[in-house]
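Side chains are part of it too, since the values below use all heavy atoms of this structure and drop only hydrogens, waters and symmetry mates. Labels below follow one simple rule: chain letters A, B, ... track the order of the sequence lines, proteins then strands, and each chain is numbered from 1.
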Amino acid sequence: MLEKENIGSNFVENAINEDLKNEKYTEGIHTRFPPEPNGYLHIGHAKSICLNFGLARNFTGKCNLRFDDTNPTKEDTEYVDSIQEDVKWLGFKWDEQHYASDYFQRLYDFAVELIKRGKAFVCDLSSDEIREYRGTLTEPGKESPYRNRTVEENLDLFQRMKAGEFPDGSHVLRAKIDMASPNITMRDPVLYRIAHAEHHRTGNEWCIYPMYDFAHPLSDAIEGITHSVCTLEFEEHRPLYDWLLESLGFEVGKRPRQIEFARLNLTNTVMSKRKLRQLVEGGYVSGWDDPRMPTISGLRRRGYTPAALRDFCERIGVAKSNSLVDVAMLEHCVREDLNEQADRVMAVLEPLKVVITNYPEGQTEYLEAENHPTRGGHRFVPFSREIYIEREDFEENPPKKFFRLKPDGEVRLKHAYIIKCEEVIKDADGNIVELHCTYDPESKTGGATAGRKVKGTLHWVDAKSALQAEVRLYDYLLLTDENGNTPDDFLSALNPNSLRVIKDAMVEPSLKHIAEGTRYQFLRKGYFCVDKDTTPEHLVFNEVVGLRDTWAKVKKD
RNA sequence: UGGGGUAUAGCCAAGUUGGUUAAGGCACGGGACUUUGACUCCUGCAUUCGUUGGUUCGAAUCCAGCUACCCCAGCCA
């Protein structure tokens, strides 16, 4: 079998290597990604997806997509569609697609078999009673008075549960294990419950539904899964997982093995479905795909690339310790990808008009501008007497080391000329409304005399031909303490400035007809992605992530 | 105070059977380059592995105790 190089190795791969070495799973390894279709996928799921599909790839095995749809009251096809879309978008192809609901009949048969083997019984206790009988963390539970029914009685009752003779909550099928077990999961866990509810796929065919603990190991076994990777909270369920497979006669070394890893936590955001739902339903964000959301759909809309997400999942590793990954790691991954992929264009977010007084009135020239510093390609950008520069690129009283534009100062306009600030025009309130500059005709980019050096280089757009655009700037959804922690009451930590909309940014005219989803680097600002709200008349950009800004740090000192 | 887990730098994380100076990445600092204060490139960043003892010529790795944090009492997954 393929053994991976030590790069990116993790304990799950080590465990699989060990299994292989011991000649287990000789048919090859088989994993699965088993989401419940009750919500949208987020970056924590991406970690699991990358892990499971990555294992299949690294060991030349297979990976299934299986919808764990055993709870009809919470699930919906809307989610199965979005989940499939997200997995595909991330760049993975599943070998087989299944639904736990496809196995309802087989699962029922397994339950019957379990009853026949005397390992399960129908219990008439109410859910409150079951809870009382279960005991507590420190005290053992008590056995149900229905625990010793005969196999025949159990068979009859279970069949009648299935036939719909009983109302919800009146009966339940339970495993017969050990009410005194220190592991609460093993205290005669519920295997089946009655729910007269319509299932999104099986409709009203069933009125009893298996619990996760019952359906999961058996679904894994049915599919020939070798390594069932899940998160840490299922660790104490593993004895039950193994008990069921053992009780039903699945052979050790061939039956699936459950391995648990720590779920992803990221600073400045929340990751639980419940909290994400709260954000959406409370109107704190525009929806599941709000670009500030850590959902796959949100990240996609924000402009993150699948490659960046995969790289991120690779870099954070897989282990068993609870961890909180700095969101800076994620940002680094997109920057690295987009630095390579994104074409450069010029856009001025907060325009300040500059009149070049010695430039001929009415003249426009088209300057060659490279699209990418290493990959090449070029376009022509118009330049004329009036342009816009970034408001923050001019300071009347500049701090030390400010090498942008200042009174009597010189600066290079990217792809164009060196200009000198001659006059600052203000309105009656003293606000700077315009700059009058002169340009050096000898300094034109690419020309024979372009060699003169000035310290600063600014981006700009031609005033006459620039396009107005809406630009949405994002900051973290949540404010965190120095340790990156969010309070339990996370809504109190919502960042009031997580979204800033600029309606009147000016972008170069080459951006006239662009496709939704296209990503650019706005020179000296950051990476931006064309939002789906864009129309032929109205451009809308989302900030993916800003460029690293050393000046911002220097300025603070 | 039952059971199950986890502890290696500010943050992730390698370190499998004990053996030279404890990988790598992020962040951060210093420098070079620069018509993006970007990118890139150099360079620095744990005498120490939660803690205390023990075994050993030798321990992050083995043993014992202690401490901290996470998870479990859904007919959710």
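Using a 4.0 Å heavy-atom cutoff across all strands shown, A:K414 reaches at least one base atom of the nucleic acid. A:A262 comes within contact range of no nucleotide atom at all, as no heavy-atom separation falls under 4.0 Å. When heavy atoms are screened at a 4.0 angstrom cut-off, A:H415 is found touching base atoms of the nucleic acid. Across all strands, A:Y417 comes closer than 4.0 Å to no nucleic acid atom at all (heavy-atom distances). Here A:V454 lies out of heavy-atom contact (under 4.0 Å) with every strand. Contact annotation for A:R412: base contact, defined as any heavy-atom pair under 4.0 Å involving a base atom. Among the heavy atoms of the strands, none lies under 4.0 Å from A:Y209. Within the 4.0 angstrom heavy-atom criterion, no nucleotide atom of any strand lies near A:G447. Among the protein residues, A:R344 comes within range of the nucleic acid bases, having at least one heavy atom under 4.0 Å from a base atom. Heavy atoms of A:T550 sit under 4.0 angstrom from primed sugar atoms or phosphate atoms, though from no base atom. A:F234 comes within 4.0 angstrom of a base, heavy atoms only. Base engagement by A:L523 is indicated by at least one non-hydrogen atom pair under 4.0 Å involving a base atom. At the heavy-atom level, A:T136 lies under 4.0 Å from base atoms of the strands shown. Among the protein residues, A:T267 comes within range of no part of the nucleic acid, since none of its heavy atoms lies under 4.0 Å from any strand.
Under the Watson-Crick or G-U wobble criterion, with both distances below 3.5 Å, B:U51 is paired with B:G65. Base-pair partner of B:G44: B:C28 (Watson-Crick or G-U wobble, both distances under 3.5 Å). Across the strands present, B:U34 finds no partner; the criterion is a Watson-Crick or G-U wobble pair with both atom distances under 3.5 angstrom.
Atom name C1', nucleotides B:U8 and B:C69: the rounded distance is 16 Å, in whole Å. Taking atom C1' in both B:C28 and B:A46, one finds a spacing of 15 Å when rounded to whole Å. Annotation: B:U36 and B:C49 have their C1' atoms spaced 42 Å apart (nearest Å). For the P atoms, the distance from B:G50 to B:G15 is 16 Å, rounded to whole Å. B:A9 and B:U48 have their P atoms separated by 13 Å, with the value rounded to a whole Å. Across B:C12 and B:G30, the matching C1' atoms stand 24 Å from one another, rounded to whole Å. A gap of 30 Å separates the P atoms of B:G54 and B:C11, to the nearest Å. When the P atom is used for both B:U6 and B:G10, the distance is 23 Å, rounded to whole Å.
In this structure, CG of A:L458 is placed 15 Å from P of B:A38, rounded to the nearest angstrom. Distance, A:N10 CG to B:G25 P: 19 Å, rounded to whole Å. With rounding to whole Å, A:I419 atom CD1 is found 17 Å from B:U35 atom P. Atom CD1 in A:I16 sits about 19 Å away from atom P in B:U16, given to the nearest Å. Regarding A:N322, its CG atom lies at a distance of 9 Å from the C1' atom of B:G5, rounded to whole Å. One atom, CG of A:D168, and another, P of B:C76, lie 10 Å apart when rounded to the nearest Å. At whole-Å resolution of the value, CG in A:D326 and P in B:G10 are 14 Å apart. Between the NE2 atom of A:H372 and the P atom of B:U36 there is a distance of 13 Å, given to the nearest Å.
The nucleotide whose nearest atom lies closest to any side-chain atom of A:P182 is, among B:U6, B:A73, B:G3, B:G3. Distances from the side chain of A:A319 to the nucleotides B:C75, B:A13, B:C26 place B:A13 closest. With B:G2, B:U34, B:A77 as the choices, the nucleotide that has an atom nearest any side-chain atom of A:L137 turns out to be B:G2. Listed nucleotides B:A77, B:C12, B:A73 differ in distance to A:E36; the shortest reach to its side chain belongs to B:A77. Of the candidate nucleotides B:A7, B:A14, B:G25, B:A14 has the atom lying nearest to any side-chain atom of A:S9. Comparing B:C26, B:C72, B:U35 against the side chain of A:E236 picks out B:C72 as the nearest. Relative to the side chain of A:D549, the nucleotides B:A77, B:C12, B:G37 differ in distance, and B:G37 lies closest.
Taking a cutoff of 4.0 Å between a charged side-chain nitrogen and a carboxylate oxygen, A:R66 and A:D220 qualify as a salt bridge. Under a 4.0 Å N-O distance rule, the pair A:K176/A:D188 does not qualify as a salt bridge. With salt bridges taken as basic N to acidic carboxylate O contacts below 4.0 Å, one links A:D311 and A:R315. Using a cutoff of 4.0 Å between basic side-chain nitrogens and carboxylate oxygens, A:K320 and A:E235 are scored as salt-bridged. Classification of A:E390 and A:R404 as a salt-bridged pair fails, no side-chain N sitting under 4.0 Å from a carboxylate O. With salt bridges taken as basic N to acidic carboxylate O contacts below 4.0 Å, none links A:D178 and A:R187. Here A:R524 pairs with A:D393 in a salt bridge; the nearest charged N to carboxylate O distance falls below 4.0 Å. For the pair A:E392 and A:K525, the salt-bridge criterion is met [side-chain N within less than 4.0 Å of a carboxylate O].
Taking 3.5 Å as the limit, the base of B:U36 and the side chain of A:Q521 contain a donor-acceptor pair of atoms between them. A donor N or O paired with an acceptor N or O is not found under 3.5 Å between the base of B:G5 and the side-chain atoms of A:E235. Residue-to-nucleotide contacts include no donor-acceptor pair under 3.5 Å from the side chain of A:R524 to the base of B:U36. Contact of A:T138 with B:U1 (side chain to base): no donor-acceptor pair of N or O atoms is detected under 3.5 Å. Judged by atom type and distance alone, A:R404 reaches the base of B:G37 through a side-chain donor-acceptor pair under 3.5 Å.
Within the 4.0 Å cut-off from OP1 or OP2 of B:A13, at least one side-chain nitrogen or oxygen of A:S323 is found.
Position along RNA chain B of the nearest nucleotide to A:S443 versus A:E233 favours A:S443 as the more 5'-ward residue. Each of A:R315 and A:N71 was assigned the nucleotide of RNA chain B with the nearest heavy atom; the assignment lying further toward the 5' end belongs to A:R315.
Side-chain contact, A:D69 with A:S101: a donor N or O sits under 3.5 Å from an acceptor N or O.
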Checking ring pair (Phe, Tyr, Trp, His ring centres under 6.0 Å) for the pair A:Y212/A:F234: CA distance, chi angles, key distance, verdict? CA-CA 11 Å; A:Y212 165 89; A:F234 293 103; 4.9 Å; yes

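Taking the 5.5 Å centre cut-off and the 30° plane limit, the aromatic side chain of A:W551 is classed as stacked on B:G37.
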